[in-house]
Amino acid sequence: MAFQEYYPHLFQPMLVGKHQVKFKNRIFVSPMSSMTAPASQVMMDDNVEFYAKRARGGAGCVTVGETRFDLVNSVAHPCQLDLTDPKTLPQLNKFNNYAHTYGARTSLELNHAGHFAIPAFNDGHTPPMSATARKMPNGNLVREMTEEDMDYVADIYANAIHMAWRGGFDMACLHYGHGWLFGGWMSPLLNQRTDRHGGSLENRVRFPRMVLERIRKKVGDNILLELRLSGSELTPGGLEIEDTIEIIKMMEDLVDLVHISSGTRWNASTRGDMHPTCFVDPGHTAPMAQKVKEAGIKIPVGCVGGVNTPELAEKILSEGMADYVLMARPWVADPEWANKVRSGRSDDVRPCIRCNHCIDGALRKAISKTVLDDESASLNFACSVNPLYGCYAYREKFPPAGCVKDVVVVGGGVAGMQAALEACERGHRVTLFEQSDKLGGWLNVYPDHLWFKHDIARLRDYFIKQVSDRKIQVRLNTKATPEMVEALAPDAVIVAIGSVPNVPPIPGVDGPNVMLGVDVFGNEDKLGKRVVIVGGGQIGCELSIHTGERGCIPTVLEMGEHLAADAKLSSRLHVLRQMERTPGVTSHTLTRCTEITPEGVKAVDSEGKELFFPADTVLLCAGMKARAQERDSFEGIAFDVIPVGDCEKPGLVKDAIHTGFNAALSLHTF
């Protein structure tokens, strides 16, 4: 039987550079940090495994994220691998030997932070430098670079790429976008010089091109060079795709590939475009990559940003919009992405939901300026959907189950499904009870009604398929009681019965004009014109978008200082941006609801001033509360009784998946 070729354009080899280096497919893992680089900045064995796992998963190229190539003032993020010391070479070669075993090419990202450098992550006292002197929002004073500075930067780049070549890498990715040193240098937003390095685009490209020339002088054609550029900075007065095309033309003779991203760190709202949130169209940079190709650029052109399904990736390539695609977060969610897709098992790919927890999760507060400003920062990077991400070194090494146990899971939401899957994977006999007629829990509520939650629908469908594909006995339309479960004499019970909306004790809360926020979906015809939303967390803010798009005039009232304070940074920025873009949406923070009347909502502001907001409909979005009493009724009916997900503590999809996974992993097996 002939091999069935799925997604032929995606898995077509690509020849690159003067030496026609062969990439086995068009799927690149874009620059990723392993999040576990040690203080020594040497690639340790768990880092090697982290990156090589993606090579083993079928990627055509794997890119190691930002690396340190200067000890003075180039770094904006902690824990970068060090390219200034040859002691790093043995481990770099170990990774490359490992990755090359699977036929993957390897790349290493270089990025000088320029004006965004943080002294605490460098030598501690040298100020950041850039094209133009300025005071940064964080208070750092940036000095204007001299010709000597430019010469120094060109040398450290050349030396770093020479080290990358010695370390066994096939390619280096130079970050020339997002407003970092070179991106900012080429952008009229950040380069206000009046000398030969400012003004015209040709002048602004002079220094970035000089760095490429210095690199080629040092390493010749022994290593491929790839550029990352912002096709558009998505900011008035910034670079647009026409400028980026001209930039590429000026550098094409010195590089082998170029890929297109978007946004600039100078405009915080574009953070969610660089790492696309659910409000950004998947593959949103592909049309810009297509314009680059149509301009006659001869080197391969790639695109990065929200390319999270094989169908989209194949479409981009088959229609000639790009020559290759780059993905990072889908590889965080599932390190076997390419192998599953190539073998026709795309439905088994654990989908990325673009929540950006992997990027922003180290910050507990979405309103913090930097990790350094957040005294509650956990520095715990994790993936919402993949509980192994960041934990491979120990979670994959948990001892196997010593014996088979009978496990009952009560509740078929995402926490219950994950618990059932992992318990089954570990060899246990699993029975799952769900009181409704379908699995999914809260994942059935939002995705079918909010256009920006389709990634959640993919996650729900993935879990339902995985459960149905395994030997898990699923009993739908069955409300499990402690007596019913105890009669089965299970060895372990995992309780995943979820949460219910919290109803605050506000006078008038039981009025006929009041609805729970979660009850809106499917009942939009019951909403009046003027809608007041009590609670400005992420759900309340998203409801304002939903109701505003349907012609209502929504007003959000939030007791705290910030809207969507429970959201992660990138998501919060885009929730707020979408609220601004939705007609009729208004909001008030530091505003406490005191009474609901048939005419509207009474409230007080932070100074005690009484306010009134006319409303035809009042929506309550005051958070969720665990089904504590029902949860506790299962205590003592088996050796292990473990609550997971919202019934333990209301939280995010991440919390549900991780607690479900951990419960199955921790079952006693003696």
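Numbers for residues simply follow the sequence, beginning at 1.
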- Under 6.0 Å from the six-membered ring centre of Phe169 and within 45° of its axis: does the NZ or CZ of Arg166 meet both? no

- Scan residues 247-256 for pairs that pass salt bridge (charged side-chain N to carboxylate O under 4.0 Å, His left out), counting only residues two or more places apart or in two chains. Arg209-Asp253, Arg216-Asp256, Glu246-Lys249

- Query: Do Lys135 and Val142 pass the side chain to side chain contact (heavy atoms under 4.5 Å, CB included) test, and can you show the C-alpha distance, the side-chain angles, and the key distance before you say yes or no?
  - Reply: CA-CA 6 Å; Lys135 184 176 181 179; Val142 178; over 6 Å; no

- Message: Please determine whether side chain to side chain contact (heavy atoms under 4.5 Å, CB included) holds for the pair Asn308 and Asp455, giving the CA-CA distance in whole Å, both sets of side-chain angles, and the decisive distance to 0.1 Å.
- Response: CA-CA 9 Å; Asn308 58 353; Asp455 292 316; 3.3 Å; yes

- Item | Leu92, Leu108, Leu89 screened by side-chain contact (heavy atoms from CB on, under 4.5 Å) with Met163, the one that passes | Leu89

- Message: Under 3.5 Å, is there a donor on one side chain and an acceptor on the other for Tyr324 and Glu226?
- Response: yes

- Task: State, with a plain yes or no, whether a side-chain heavy atom of Asp82 is found less than 4.5 Å away from one of Thr67.
- Result: no

- Message: Can a side-chain donor-acceptor contact be found between Asp123 and Thr126 if the only test is distance below 3.5 angstrom?
- Response: yes

- Message: Quick check against the 3.5 Å criterion: does Thr88 have a side-chain atom that pairs as donor or acceptor with the backbone of Val42?
- Response: no

- Message: Do His259 and Leu227 have side chains that approach each other closer than 4.5 Å (heavy atoms only, starting at C-beta)?
- Response: no

- Message: Salt bridge or not between Asp334 and Arg350? Use side-chain N to carboxylate O under 4.0 Å.
- Response: no

- Query: How close do Pro119 and Asn140 get, heavy atom to heavy atom, and via which atoms?
  - Reply: CD-ND2, 3.6 Å

- Task: Over all heavy atoms of both residues, which pair between Ala160 and Leu110 is shortest? Give the atoms and the distance, please.
- Result: CB-CD1, 4.1 Å

- Note on the structure: Of His9, Arg26, Lys293, the one forming a side chain to side chain donor-acceptor pair (under 3.5 Å) with Asp323 is Lys293

- Is there a donor-acceptor contact under 3.5 Å from the side chain of Asp281 to the main chain of His284? no

- Quick one: does Val75's side chain get under 4.5 Å of Asn122's, heavy atoms only? yes

- Just by distance, do the side chain of Asn159 and the backbone of Asp155 share a donor-acceptor pair under 3.5 Å? yes

- Item | Residues which pass side chain to side chain contact (heavy atoms under 4.5 Å, CB included) with Thr277, listed by chain and number, not counting sequence neighbours | Phe279, Val280, Asn356, Ser570, His574

- Mark yes or no for whether His357, through its side chain, and Leu652, through its backbone, hold a donor-acceptor pair below 3.5 Å. no

- Query: What are the two closest heavy atoms between Ser384 and His658, and how far apart are they?
  - Reply: O-CD2, 3.8 Å

- Message: Does Lys291, at its NZ atom, have more than 12 non-hydrogen atoms belonging to other residues, nucleotides or ligands within less than 6.0 Å?
- Response: no

- Item | Closest heavy-atom pair and its distance - Gly168, Thr106 | O-OG1, 3.9 Å

- Query: With side chains defined as the heavy atoms from C-beta onward, is the minimum distance between Leu189 and Glu233 less than 4.5 Å?
  - Reply: yes

- Item | Test log, rule ring pair (Phe, Tyr, Trp, His ring centres under 6.0 Å), inputs Phe28 and Phe23 | CA-CA 9 Å; Phe28 284 32; Phe23 291 77; 5.1 Å; yes

- Evaluate the side-chain proximity of Leu229 to Ser261: yes if any heavy-atom separation is below 4.5 Å, no if none is. no

- So, Gln91 and Asn47: side-chain donor and acceptor under 3.5 Å apart, yes or no? no

- Heavy-atom pair with the smallest gap, counting every atom of Ala338 and Ala59: CB-N, 4.1 Å

- Message: Could you check whether any side-chain heavy atom of Arg134 comes within less than 4.5 Å of a side-chain heavy atom of Leu190, counting everything from C-beta outward?
- Response: yes

- Task: Would you confirm whether Asn191, through its side chain, and Ser187, through its main-chain N or O, come within 3.5 Å as a donor-acceptor pair?
- Result: no

- Any pair counted as salt bridge (charged side-chain N to carboxylate O under 4.0 Å, His left out), so long as it reaches residues 107-122, sequence neighbours left out: none

- Across all chains, not counting sequence neighbours, the ring-ring contact (aromatic ring centres under 6.0 Å, His included) partners of Tyr157 are Phe69, Phe182

- Query: side chain to side chain contact (heavy atoms under 4.5 Å, CB included) with Leu576: which residues, sequence neighbours excluded?
  - Reply: Leu563, Arg572, Met579

- What orientation do Tyr102 and Tyr98 show, parallel under 30°, tilted 30 to 60°, or perpendicular over 60°? tilted

- Counting only N and O atoms by type, is there a donor-acceptor contact under 3.5 Å from the side chain of His178 to the main-chain atoms of Trp180? no

- Message: I'd like to check Ile260 versus Ile248 (side-chain heavy atoms, cut-off strictly below 4.5 Å). Are they in contact?
- Response: yes

- For the pair Tyr51 (side chain) and Val62 (backbone), establish whether a donor and an acceptor sit closer than 3.5 Å, ignoring hydrogens and angles. no

- Determine yes or no for a side-chain-to-main-chain donor-acceptor pair under 3.5 angstrom, with Arg54 supplying the side chain and Phe50 the backbone. yes

- Query: Do the ring planes of His197 and Phe207 sit parallel (below 30°), tilted (30 to 60°) or perpendicular (above 60°)?
  - Reply: perpendicular

- Message: Can you give me the closest heavy-atom contact between Gly179 and His115, atom names plus distance?
- Response: O-NE2, 2.7 Å

- Item | Residue pair Glu144 / Thr132, side-chain donor-acceptor N/O under 3.5 Å | no

- Hits for salt bridge (charged side-chain N to carboxylate O under 4.0 Å, His left out) against Lys22, two or more places apart or cross-chain, chain-then-number order -> none

- Query: Is it true that a side-chain atom of Arg204 and a backbone atom of Gly199 form a donor plus acceptor pair closer than 3.5 Å?
  - Reply: yes

- Task: For Asn25 and Gly58, indicate whether the former's side chain and the latter's backbone hold a donor-acceptor pair under 3.5 Å.
- Result: yes

- Message: Could you walk me through whether Gln538 and Ser571 satisfy the side-chain hydrogen bond (donor to acceptor under 3.5 Å, both in side chains) test, starting with their C-alpha distance in whole Å, then the side-chain angles of each, then the deciding distance to 0.1 Å, before giving a yes or no?
- Response: CA-CA 9 Å; Gln538 184 171 357; Ser571 295; 5.1 Å; no

- Message: Is any side-chain heavy atom of Asn73 closer than 4.5 Å to one of Pro128?
- Response: no

- Message: Does Thr264 form a side chain to side chain contact (heavy atoms under 4.5 Å, CB included) with Leu234? I'd like the steps, not just the answer.
- Response: CA-CA 8 Å; Thr264 171; Leu234 304 175; over 6 Å; no

- Apply side chain to side chain contact (heavy atoms under 4.5 Å, CB included) to the pair Met186 and Asp243, showing each step before the final yes or no. CA-CA 9 Å; Met186 295 185 290; Asp243 305 306; over 6 Å; no

